[in-house]
Amino acid sequence: MQFHLNGFQPGDPEISDPAERIQVSGAPGTVPEQVDVLIVGCGPAGLTLATQLAQFSDIKTCIVEQKPERLLVGQADGIACRTMEMFHAYGFSERVLKEAYWVNETTFWRPDDLAPGKIVRSGRVQDVEDGLSEFPHVILNQARIHDGFLDVMRKSPARLEPYYSRRLLDLEVDPAAGPADHAVTVRLERIDAANEGKVETIKARYVVGCDGARSTVRKSIGRELHGDSANHAWGVMDVLAVTDFPDIRFKALIQSAKDGSLLIIPREGGYMVRIYVELAKLDVGERVANRNITADDVIAKARRILKPHTLEVKEIAWWSVYEIGQRLTDKFDDVPEAEIATRLPRIFIAGDACHTHSPKAGQGMNVSMQDAFNLGWKLAVVIGKRCAPSLLHSYSAERQAVAKELIDFDREWAGILASAAKAGGADAARTQDYFVRHGRYTAGTATHYRPSVLTGAASHQHLAQGFVIGTRFHSAPVIRLADAKPVHLGHAAQADGRFRIYAFSRAEDPAAAGSAIRALCDFLTEARESPVKRYTPAGADIDSVIDLRAVFQQDHRELALAAMPPLLLPRKGRYDLIDYEKMFCSDLKSGHDVFAMRGIDREAGCMVVVRPDQYIAQVLPLDGFAGLASYFDGFMLQAR
Ligand SMILES: Cc1cc2nc3c(=O)[nH]c(=O)nc-3n(C[C@H](O)[C@H](O)[C@H](O)COP(=O)(O)OP(=O)(O)OC[C@H]3O[C@@H](n4cnc5c(N)ncnc54)[C@H](O)[C@@H]3O)c2cc1C
């Protein structure tokens, strides 16, 4: 798609009239008096969480934002492969794929040894290693990501809209309240002209602070960001420009001899480009605003770095001088470490409220959304009384560890870039090598949750070596048995709060009496210990809590659909219609054999249990019924 040719226009580029590109967003009237979850902040973290909770019509959620309307331009733009996988589960990956710039290759430039004062290309690498994800690394304005969430939220069962022009003033927790009580009282100030100064009060069971790096929620629970006091100032600018720099449509990292480094990020629409210019290291406590840096300063510096190439800026769509250190809080909820056994969390923080990253590694927005994806389903299952509230402790435990690892990586990466800049580009080979080796961090696929009540031990990991327990379920192409459609196995997972069991069959006929798949289906359908029986509420669809999928080794034409166990052809909905989308086969014709691709033991088969946020919880033998039952018994509540 090409757009922005005659100037930048915010909103949906598929709508030709710019005046109609921006849909009005925002709930009318006053905020509700009482909710299950109050989310503060409409950035990527808050919107990810709100969109997840909006899937549940029985959960009352409210999201508030101090700005008067939706974001239209600016801020972050890098979308990691893992984030695209999550967008698919949320239902808007196709739109992002169509609109975004795809980062396929990254180029590296350094000072020319033979001609000082000039730069020369020193390397060119594939941006994402082959097979890391079915999705590319893409670039799209943060505002359009917000739009994706806002659209899904509005259309989902709870039909959520944010309340704009509300600033969180303070919050108070009633220490005597029980787990089901609306224990948190929150005061919001209205800042729209018509209601300025009015204070609204809202009571919530849970409050989630997605209110950015200067989070009021974080301060209200006495937590602080710790880390680098020496911030870096960055000039960031989205421009429509004419240049003779040949890699203007590649992500390019340029190190000059004397003027520091420049990062070029091509943007959606084919004409726009983002430039990041490292400006200055700030003193402790210094705010970049005091330096009075102008757009012309940023452009002038970019021109010096790009020499001998030219850069003629025709239009600045957005620019900012952005200061950021790598910082982290020690816990992402309101329960002190020493009180975990005796207290349940009521208040959470997510995204920039608990960790900040330099823009160089492109992590801020991506990690923030993954925080919220981790928390969203946990809040949903606890509020829906499917899991014990103690599960909520796992949010901080899991995400704080991930954030720490990423900050360490980010700091190392920023350090390497800074030292390469100091060495006048002499370290270009080291920079390029580090970039390639750490591609999994930047792609967002390096997250690995440690063993816990939600994530099993590696006792049976050998049965599926490519589905590493604690990492995200790495999708693979398969053929759907019922209609021979080529699909991606991981795309069965929607952001709907359900657990999934992928049962990989032995080489035998799965329909035969005595097959391991049939025995598993019999266990799940009939046994007293079956988690499907135990945790699915009466009258609900059989897959509404735990969704079983089966994958077979045979070509799809060799199998008889009608002979398969009834649990794989479940009757659902008010008409008892048959769900035909539970069974898949290896895509042998295209050479995509999921068993070979993910190292699955063909003789033994296995079960891969996947959490609602797409992380692998367990790898178990196909007949590991006791292990399966005890996994779910560890945190789920019996259906009433
Ligand atoms: C000006 C700016 C420029 C940035 N540029 C880049 C960039 O170039 N590259 C990059 O990778 N990252 C950039 N970032 C960072 C990136 O946008 C964040 O990492 C990402 O948005 C984090 O998402 P979040 O939802 O945690 O927080 P945010 O996106 O910061 O969202 C927090 C939201 O909470 C709202 N809020 C705050 N306090 C209150 C309150 N008391 N009451 C109600 N609402 C409140 C804010 O208005 C905001 O909308 C930038 C951030 C900012 C602010």
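Whatever order the structure lists ligands and atoms in, that order sets their numbers, starting from 1. Keep in mind it's a predicted model, so treat the numbers as computed, not measured. In what follows, every heavy atom counts, from backbone to side chain, and hydrogens, waters and symmetry copies are set aside.
- Side-chain atoms of E315 and F8, non-hydrogen and from C-beta on, do get closer than 4.5 Å to each other.
- Of the options R274, R144, K251, a salt bridge (charged side-chain N to carboxylate O under 4.0 Å, His left out) to D77 is made by R274 and by none of the others.
- Below 4.0 Å from some heavy atom of A45 lie the following atoms of ligand 1, by number and element: 25 (O), 26 (O).
- For the 3.5 Å distance criterion, the side chains of W109 and D247 qualify, holding a donor opposite an acceptor.
- Residue P44 holds the heavy atom nearest to atom 23 (O) of ligand 1 of all those in G43, P44, G351.
- From the protein, the heavy atom lying nearest to atom 14 (N) of ligand 1 is Y322 OH, 3.1 Å.
- You'll find the ring centres of F373 and Y90 inside the 6.0 Å limit.
- Using a 3.5 Å distance cut-off with no hydrogens or angles, the side chains of T447 and Q370 do not pair a donor with an acceptor.
- Within the cation-pi definition used here (under 6.0 Å to the ring centroid, within 45° of the axis), R124 does not qualify as a partner of F108.
- Residue-to-ligand polar distances keep D77 apart from ligand 1: every N/O pair is separated by 3.5 Å or more.
- Contacts between L71 and ligand 1 below 4.0 angstrom, taking non-hydrogen atoms only, are absent altogether.
- A donor-acceptor contact closer than 3.5 angstrom links the side chains of W377 and D613.
- Residue contacts with ligand 1: W318 is placed with no nitrogen or oxygen under 3.5 Å of a nitrogen or oxygen of the ligand (distance criterion only).
- Among protein heavy atoms, the minimum distance from atom 11 (O) of ligand 1 is reached at A76 CB, 3.6 Å.
- A salt bridge does not link E161 with R70: every distance from a Lys NZ or Arg NE/NH1/NH2 to an Asp or Glu carboxylate oxygen is 4.0 Å or more.
- Between T61 and L160 the shortest side-chain heavy-atom distance falls below 4.5 Å.
- Annotation: atom 32 (C) of ligand 1 to nearest protein heavy atom, C210 O, 3.3 Å.
- Considering each of G212, G235, G364, the one bringing a non-hydrogen atom nearest atom 27 (O) of ligand 1 is G212.
- Shown in contact with R166 at under 4.0 Å from a heavy atom are these atoms of ligand 1, numbered in order with element: 42 (N), 43 (C).
- In this comparison of H146, H357, E65, R70, the heavy atom closest to atom 35 (C) of ligand 1 sits on E65.
- Contact annotation: for Q363 versus ligand 1, there are no heavy atoms closer than 4.0 Å.
- In this model, a donor atom of one side chain and an acceptor atom of the other lie less than 3.5 Å apart for D211 and S215.
- Protein heavy atom nearest atom 44 (N) of ligand 1, with residue, atom name and distance: Q66 N, 3.2 Å.
- The option from R274, M365, Q142 that lies nearest to atom 21 (O) of ligand 1, judged by heavy atoms, is Q142.
- Contacts of D211 with ligand 1, taken as heavy-atom pairs under 4.0 Å, involve both backbone and side chain.
- Residue-ligand proximity, V40 to ligand 1, at heavy-atom distances under 4.0 Å covers atoms 42 (N), 43 (C).
- Using a 4.0 Å cut-off between heavy atoms, T216 contacts ligand 1 through its side chain alone, with no backbone atom that close.
- Classification of the F409-Y441 ring pair by plane angle, with boundaries at 30° and 60°, yields parallel.
- At a heavy-atom distance under 4.0 Å, only side-chain atoms of K67, from C-beta outward, approach ligand 1.
- Less than 4.0 angstrom separates some heavy atom of G41 from each of these atoms of ligand 1: 33 (C), 34 (O), 35 (C).
- A salt bridge links R223 with D330; the closest basic N to acidic carboxylate O contact falls under 4.0 Å.
- Using a 30° and 60° split on the angle between ring planes, F149 and F92 fall in the perpendicular class, above 60°.
- In terms of N/O distances under 3.5 Å, ligand 1 is approached by L168.
- Distance from atom 2 (C) of ligand 1 to its nearest protein heavy atom, with residue and atom name: Q75 CG, 3.6 Å.
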Report the C-alpha distance between D408 and E405 in whole Å, list the side-chain angles of each, state the deciding distance to 0.1 Å, and finish with yes or no for side-chain contact (heavy atoms from CB on, under 4.5 Å).
CA-CA 5 Å; D408 290 346; E405 208 173 305; 5.7 Å; no
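- Among protein heavy atoms, atom 26 (O) of ligand 1 sits closest to D352 N, 2.8 Å.
- Heavy atoms of Y276 found under 4.0 angstrom from ligand 1 belong exclusively to the side chain.
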